[in-house]
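Quick note on labels: first sequence line is chain A, next is B, and so on, each numbered from 1. Hydrogens, waters and symmetry mates play no part in the numbers below; they use all other heavy atoms, side chains included.
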2 protein chains.
Amino acid sequence: MGRAKEKAESLSKDRLRLWLRLLKLTSGIEADLRRNLREAHDTTLPRFDVMAALARHPEGLRMSELSSYLRVSNGNVTGIVDRLTEEGLALRMAVPGDRRAQTARLTARGREVFDRLAADHEGWIDAALGALGAAEIATMARLAKRAQSREDGNEHP
Amino acid sequence: MGRAKEKAESLSKDRLRLWLRLLKLTSGIEADLRRNLREAHDTTLPRFDVMAALARHPEGLRMSELSSYLRVSNGNVTGIVDRLTEEGLALRMAVPGDRRAQTARLTARGREVFDRLAADHEGWIDAALGALGAAEIATMARLAKRAQSREDGNEHP
DNA sequence: CTTGAATATTTCAAGCTTGAAATAAAAGCG
DNA sequence: CGCTTTTATTTCAAGCTTGAAATATTCAAG
């Protein structure tokens with residue numbers, strides 16, 4: 001076998017090992033987040049994600065905007081917004097001029113609840129990545145961004 | 001506000017941004033894997049994960065070993081092994097001397113199917129992380145490992 | 001041996017997730 | 001205007017996931 005081919009195969013194995021390590025890292029942190037959200041606030045990560053998206057868009061988001069923003073299916077956000085609405089944390093509003101569409105927003109109480117969640121969330125992430133200093137964070141962010149450049153295809157054409 | 005506090009807060013925000021980027025990267029790759037597994041092999045990522053664990057342990061794994069290896073709940077692996085068994089890819093064997101326990105194994109067909117899955121899987125990961133060269137892979141793996149050191153607490157005491 | 005604690009696994013309800021089908025409304029077009 | 005196509009959302013079945021409860025078995029004392 002030629003040297004070039006050997007090199008390519010070893011690189012492929014190294015990428016696989018890196019993938020498994022990245023997956024372990026993010027899955028572990030995500031599991032911590034889920035547990036913390038449940039134990040400290042009796043809520044879930046998907047609910048948090050939807051609330052975070054709505055908090056960033058106080059003018060409201062259409063259901064379809066929400067699903068593409070979070071990269072989950074339409075049917076998925078329907079269910080989560082349903083539950084947030086039942087709990088009084090979100091609401092749906094009609095879109096003037098388009099009776100098919102709805103925008104989802106946080107209620108005032110939803111906003112208050114989210115602010116508390118977000119503060120804890122930042123602290124949990126800070127703890128989870130606490131072993132990394134400023135330079136390491138910058139390096140890892142740069143490499144993750146570079147990896148994305150191929151992964152996404154072309155999100156920002 | 002003191003300089004030290006400002007620095008800590010900015011570091012915390014940077015960790016949060018890094019977390020969001022890592023999550024986007026791994027979620028994106030995972031979504032690709034799920035789609036590829038479904039379209040090319042009509043299977044799912046959890047089934048693949050269980051098969052991979054069993055493939056690495058030809059002697060078989062107890063249900064509880066499988067669940068701690070994969071870091072998912074006991075009830076979860078019960079269901080997945082049930083489905084793999086229905087499909088003829090895995091089987092359960094009694095453990096001599098302990099009638100509570102069972103070991104799960106791949107069948108011969110399960111092994112064949114897995115070998116094909118694994119080859120494609122490696123190719124998909126190679127493509128997904130293809131933007132990273134050998135040095136970048138090594139750097140990222142090192143940083144992920146360092147981040148883990150805090151995350152895990154003490155897995156290897 | 002018998003009783004009670006510990007261990008291995010399954011069952012279960014609830015929620016998340018998806019892709020596909022169903023509904024409903026808007027837009028384009030002849 | 002009617003008719004088709006596109007767009008926005010919901011509904012649905014199937015599978016994944018969890019934590020807690022239920023079963024079954026082993027182990028440890030007495």
Side-chain angles (χ1 to χ4, degrees), chain A residues 23 27-28 30-51 53 60-87 89-104, chain B residues 23 27-28 30-51 53 60-87 89-104:
Chain A
L23 195 57
S27 303
E30 222 180 84
D32 288 352
L33 287 182
R34 288 178 198 275
R35 183 174 38 73
N36 284 330
L37 282 170
R38 183 171 52 81
E39 293 180 354
H41 297 279
D42 192 31
T43 190
T44 67
L45 193 50
R47 278 171 168 86
F48 176 79
D49 289 340
V50 166
M51 293 181 79
L61 282 175
R62 295 191 180 201
M63 298 303 283
S64 49
E65 291 172 327
L66 199 42
S67 80
S68 71
Y69 185 79
L70 297 174
R71 299 168 172 280
V72 299
S73 68
N74 274 344
N76 194 349
V77 295
T78 295
I80 297 170
V81 170
D82 281 352
R83 274 166 228 126
L84 288 176
T85 299
E86 279 170 23
E87 293 167 23
L89 302 175
L91 53 84
R92 284 180 171 91
M93 295 184 66
V95 172
D98 190 341
R99 278 181 298 172
R100 293 170 303 180
Q102 313 229 59
T103 56
Chain B
L23 195 57
S27 304
E30 223 180 82
D32 289 350
L33 287 182
R34 288 178 197 275
R35 183 174 39 73
N36 285 330
L37 283 170
R38 182 172 51 81
E39 292 180 354
H41 298 278
D42 192 31
T43 190
T44 67
L45 193 50
R47 278 171 167 87
F48 175 81
D49 289 340
V50 166
M51 293 181 80
L61 282 175
R62 294 189 179 203
M63 299 303 283
S64 50
E65 290 173 327
L66 200 42
S67 81
S68 72
Y69 185 79
L70 297 174
R71 298 168 173 281
V72 299
S73 68
N74 274 344
N76 194 349
V77 295
T78 294
I80 296 170
V81 171
D82 281 351
R83 284 182 279 273
L84 288 177
T85 299
E86 279 170 23
E87 294 167 23
L89 303 174
L91 53 83
R92 285 179 171 90
M93 295 184 66
V95 173
D98 190 342
R99 278 182 297 175
R100 294 170 302 180
Q102 305 210 272
T103 56

Margin query: For a quick check, tell me whether the side chain of Arg100(A) and the base of dT7(D) share a donor-acceptor pair closer than 3.5 Å.
Written below: yes
Note to self: Please tell me if Arg34(A) has a side-chain N or O lying less than 4.0 Å from either OP1 or OP2 of dG19(D).
What the structure shows: no
Margin query: Tell me the interatomic distance from Met93(B), atom CE, to dT9(C), atom C1', rounded to whole angstroms.
Written below: 18 Å
Notebook entry, point to check: Between Asn76(B) and dC16(D), is there a side-chain N or O to OP1/OP2 distance below 4.0 Å?
Noted result: no
Margin query: What's Arg35(B) touching, base or sugar-phosphate or nothing? Going by heavy atoms closer than 4.0 Å.
Written below: nothing
Checklist line | Ion pair Asp82(B)/Arg92(B), N-O distance below 4.0 Å | finding: yes
Check: Should Arg38(B) be listed as having a side-chain N or O under 4.0 Å from OP1 or OP2 of dG19(C)?
Finding: yes
Check: Atom CG of Leu45(A) to atom C1' of dG15(C): distance rounded to whole Å?
Finding: 13 Å
Check: Separation of Glu87(A) atom CD from dG15(C) atom C1', in whole Å?
Finding: 11 Å
Check: Touch check for Ile80(B), heavy atoms < 4.0 angstrom, all strands: base, sugar-phosphate only, or nothing?
Finding: sugar-phosphate
Notebook entry, point to check: Does the side chain of Val77(B) reach to within under 4.5 Å of the side chain of Val72(B), using non-hydrogen atoms?
Noted result: yes
Check: Given that Val72(A) and Gly97(A) both sit by DNA chain C, which one's nearest nucleotide is further toward the 5' end?
Finding: Val72(A)
Checklist line | Options dT10(C), dA26(C), dT26(D), nucleotide nearest the side-chain atoms of Arg99(B) | finding: dT26(D)
Next item on the list: Return the nearest nucleotide to the side chain of Asp98(B); candidates are dG15(D), dT25(D), dG19(C).
Entry: dT25(D)
Checklist line | Minimal non-hydrogen separation, Glu30(B) against Leu23(A), with atom names | finding: OE2-CD1, 3.1 Å
Notebook entry, point to check: Is any side-chain nitrogen or oxygen of Thr44(B) closer than 4.0 Å to OP1 or OP2 of dC16(D)?
Noted result: yes
Checklist line | Nearest heavy atoms of Arg47(A) and Thr43(A), plus distance in Å | finding: CD-OG1, 3.2 Å
Checklist line | Proximal nucleotide (of dT11(D), dT9(C), dC16(D)) relative to the Pro46(B) side chain | finding: dC16(D)
Checklist line | Whole-Å distance separating the CZ atom of Arg47(A) from the P atom of dT17(D) | finding: 19 Å
Next item on the list: Whole angstrom is fine here: how far is it from CG in Asp82(B) over to C1' in dA14(D)?
Entry: 15 Å
Notebook entry, point to check: Can you find a side chain N or O atom of Arg92(B) that sits less than 4.0 Å from OP1 or OP2 on dT10(C)?
Noted result: yes
Check: Salt bridge or not for Arg83(B) and Glu87(B), using N-O below 4.0 Å?
Finding: no
Next item on the list: Kindly give the heavy-atom pair with the smallest separation between Ala53(B) and Leu66(B), and that separation in Å.
Entry: CB-CD1, 3.7 Å
Check: Glu30(A) has an atom CD; how far is it from atom P of dT17(D), in whole Å?
Finding: 12 Å
Check: How long is the line joining CE of Met63(B) and C1' of dA24(D), in whole Å?
Finding: 15 Å
Next item on the list: For Gln102(A) and for Gly75(B), locate the closest nucleotide of DNA chain D by heavy-atom distance; then report the residue assigned to the nucleotide nearer the 5' terminus.
Entry: Gln102(A)
Check: What is the distance, rounded to the nearest whole Å, between atom CG of Asn74(A) and atom P of dA21(C)?
Finding: 16 Å
Next item on the list: Kindly say if Ser64(A) contacts the phosphate of dT9(D), meaning a side-chain N or O under 4.0 Å from OP1 or OP2.
Entry: yes
